[in-house]
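Data block below; observations after.
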Amino acid sequence: MIRSGRMYKIVERKDLAPRIKLVKVLAPEISRKARPGQFVILRVDERGERFPLTIADWDPKDGTITLVFLEVGVSTRKLGELREGDVILDILGPLGNPTEIKSHSVVCVVGGGVGIAAAYPIARAFKSAGNKVISIIGARSANLLIFEEEMRAFSDELYISTDDGTKGYKGFVSDVLRVLIQKGYRFDMVYAVGPAMMMKAVADVTRPYGIKTIASLNPIMVDGMGMCGACRVMVGGKTRFACVDGPEFDAHEVDFDELIKRQMTFFREEKDALKYWEANKGVLGGMRT
Ligand code: NAD
Ligand code: FES
């Protein structure tokens, strides 16, 4: 794990969809160590809070890591305002345990919303390890669907869903999974990454069939090192810290209702902070070079 006080330059930036952005950041040490399933903790500027983002891609040759994020609160809005050449103050990582990539023969990778970008390195790693990879990706609407071509490149079959039916199957990714299982698809393992409600729904679909299911959890994180307790989750009736014990856990054992409740802990404060930041943006600014 690398921690450095130096700044991290954005070398590429793209708008992938409304409120979903991609930044490629120069972080050579992290790019050399990153593995599928790992994340970083960022602080955009000196006034910024710390927040986790899954590493969507990395390239040790050019020393970059790729991060994809949804603009939801002040920190992700600040990050979204940065341009190529701007810098991020602090990036800590790679953090968390890498995904265990075994040869399971048939793996189903399920990605929802911005979580599809986090599913991409997982699908790629399972495919590269010789597994048959069936991927299901979904978004609320066609214009919010990201990483379709990236996922297709490492999937034997790719299924798409949208909540409103503007592309692919009309419904949730978990509905597509249910249909595939009912059609007779046999999965040795299902890997889910996306909103907690989606991962809960995926676990509910696979539980009756006894299909091993892994979820990549996304609780609030602060230090990312197992000391603050912010990322506490209940798994199999025991308290675990997603940052050091996870972020991946057996989805059938996770208490998703508690996770969802804890994710909402600072909902009101976050909304107020965003309102304040929007009203005072010109004064507070971001960090630009
Ligand atoms: P979203 O709310 O737009 O949902 C995306 C898709 O997930 C939907 O199209 C649907 O197919 C599925 N889904 C949503 N709610 C569902 C439900 N109740 N039942 C079944 N399926 C459901 O997603 P978004 O706004 O892009 O948010 C993405 C989420 O992914 C964020 O909460 C973010 O924290 C999370 N995320 C998680 C990780 C991780 O490592 N776990 C990484 C990146 C992002
Ligand atoms: Fe602090 Fe996990 S983020 S213990």
Side-chain angles (χ1 to χ4, degrees), residues 16-22 36-41 49-56 66-73 75-76 92-93 95-97 99 109-122 136-147 159-178 191-206 214-233 239-249 251 254 256-257 259-260 262-264 267:
L16 297 182
R19 291 175 53 216
I20 305 180
K21 308 254 174 353
L22 173 152
Q38 290 190 297
F39 62 92
V40 291
I41 288 194
E49 61 178 352
R50 295 160 65 92
F51 64 100
L53 287 179
T54 305
I55 308 173
T66 299
L67 306 171
V68 174
F69 58 97
L70 179 69
E71 290 182 333
V72 274
S75 297
T76 45
L92 172 68
L95 296 166
N97 299 297
T99 309
V109 179
V110 188
V114 73
I116 301 169
Y120 164 64
I122 311 292
I136 306 170
I137 58 173
R140 268 169 281 145
S141 198
N143 68 333
L144 295 170
L145 190 75
I146 60 166
F147 270 51
Y159 294 88
I160 293 172
S161 70
T162 48
D163 302 9
D164 62 3
T166 44
K167 187 163 186 171
Y169 179 93
K170 185 176 189 304
F172 291 152
V173 282
S174 49
D175 300 327
V176 178
L177 177 64
R178 182 182 294 106
Y191 186 102
V193 54
M197 281 304 291
M198 179 213 104
M199 297 188 282
K200 181 182 182 198
V202 166
D204 289 343
V205 169
T206 57
I214 300 292
S216 174
L217 303 191
N218 53 341
I220 293 170
M221 290 192 187
V222 179
D223 71 335
M225 302 176 88
M227 289 184 285
C228 71
C231 68
R232 195 169 81 237
V233 287
T239 299
R240 311 292 301 275
F241 292 154
C243 65
V244 288
D245 301 322
E248 295 170 4
F249 295 98
V254 172
F256 283 105
D257 294 333
L259 172 69
I260 292 163
R262 284 182 57 79
Q263 280 177 333
M264 302 301 284
F267 182 71

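One-based numbering, in listed order, for ligands and for the atoms of each.
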Is there any N or O on G113 that sits under 3.5 Å from an N or O of ligand 1? no
Heavy-atom contact check, 4.0 Å cutoff: does G194 meet ligand 1?
yes
With salt bridge (Lys or Arg N to Asp or Glu O under 4.0 Å) as the criterion, how do D175 and K170 come out once you've worked through the C-alpha distance, each side chain's angles and the decisive distance to 0.1 Å? CA-CA 9 Å; D175 300 327; K170 185 176 189 304; over 6 Å; no
Quick note on ligand 1: atoms under 4.0 Å from a heavy atom of S174 include exactly 20 (C), 21 (N)
shortest atom 11 (O) of ligand 1-to-protein heavy-atom contact is with V173 N, 3.1 Å
Near A201 (heavy-atom distance under 4.0 Å), the atoms of ligand 1 are 19 (N), 20 (C)
Answer key: the N, O or S atom of D223 nearest to atom 1 (Fe) of ligand 2 is OD1
closest protein heavy atom to atom 8 (C) of ligand 1 is D163 OD1, 3.4 Å
In I146, L145, V173, V176, the residue satisfying side-chain contact (heavy atoms from CB on, under 4.5 Å) with I137 is L145
So the atoms of ligand 1 within less than 4.0 Å of a heavy atom of T54 turn out to be 40 (O), 42 (C)
Within the 4.0 Å heavy-atom cut-off, what R232 brings close to ligand 2 is neither
Numbered in order shown, the ligand 2 atoms found under 4.0 Å of a heavy atom of G229 are 1 (Fe), 4 (S)
Heavy-atom proximity to atom 25 (O) of ligand 1 ranks first, among M199, M197, R140, M198, for R140
Nearest non-hydrogen protein atom to atom 43 (C) of ligand 1, with distance, is G115 CA, 3.8 Å
Here the pair of heavy atoms bringing V205 nearest to S174 is CG2-O, 3.7 Å
In this structure, atom 14 (C) of ligand 1 is nearest to the protein heavy atom P195 CG, 4.0 Å
Note: ligand 2 atoms sitting under 4.0 Å from heavy atoms of C228 are 1 (Fe), 3 (S), 4 (S)
The reported gap from CZ in F241 to CG in L217 (rounded to nearest 0.5 angstrom) is 14.0 Å
Counting heavy atoms under 4.0 Å, the part of V222 that contacts ligand 2 is backbone
Ranking S141, A196, G138 by closest non-hydrogen atom to atom 6 (C) of ligand 1, top hit is G138
So the atoms of ligand 1 within less than 4.0 Å of a heavy atom of A139 turn out to be 9 (O)
For G226, the atoms of ligand 2 under 4.0 Å from one of its heavy atoms are 4 (S)
Taking only non-hydrogen atoms of G224 and a 4.0 Å limit, the atoms of ligand 2 in range are 1 (Fe), 3 (S)
The closest protein heavy-atom partner of atom 38 (C) of ligand 1 is V193 CG2, 3.7 Å
Ligand 2 to C231, heavy atom cutoff 4.0 Å, flagged ligand atoms 2 (Fe), 3 (S), 4 (S)
What about V114: any of its N or O atoms under 3.5 Å from an N or O on ligand 1?
yes
Within 4.0 Å of some non-hydrogen atom of M227, the atoms of ligand 2 are 4 (S)
Quick note on ligand 1: atoms under 4.0 Å from a heavy atom of S216 include exactly 39 (C), 40 (O), 41 (N)
protein heavy-atom neighbour closest to atom 19 (N) of ligand 1 works out as F172 CD1, 3.3 Å
Rounded to the nearest 0.5 angstrom, the SG-CG distance for C231 and N218 is 11.5 Å
If you scan protein heavy atoms around atom 27 (O) of ligand 1, the nearest is L70 CD2, 4.0 Å
Near C243 (heavy-atom distance under 4.0 Å), the atoms of ligand 2 are 2 (Fe), 3 (S), 4 (S)
Between D223 and I41, the two heavy atoms sitting closest are C-CD1, 4.0 Å
among protein heavy atoms, the one nearest atom 33 (C) of ligand 1 is N218 ND2, 3.5 Å
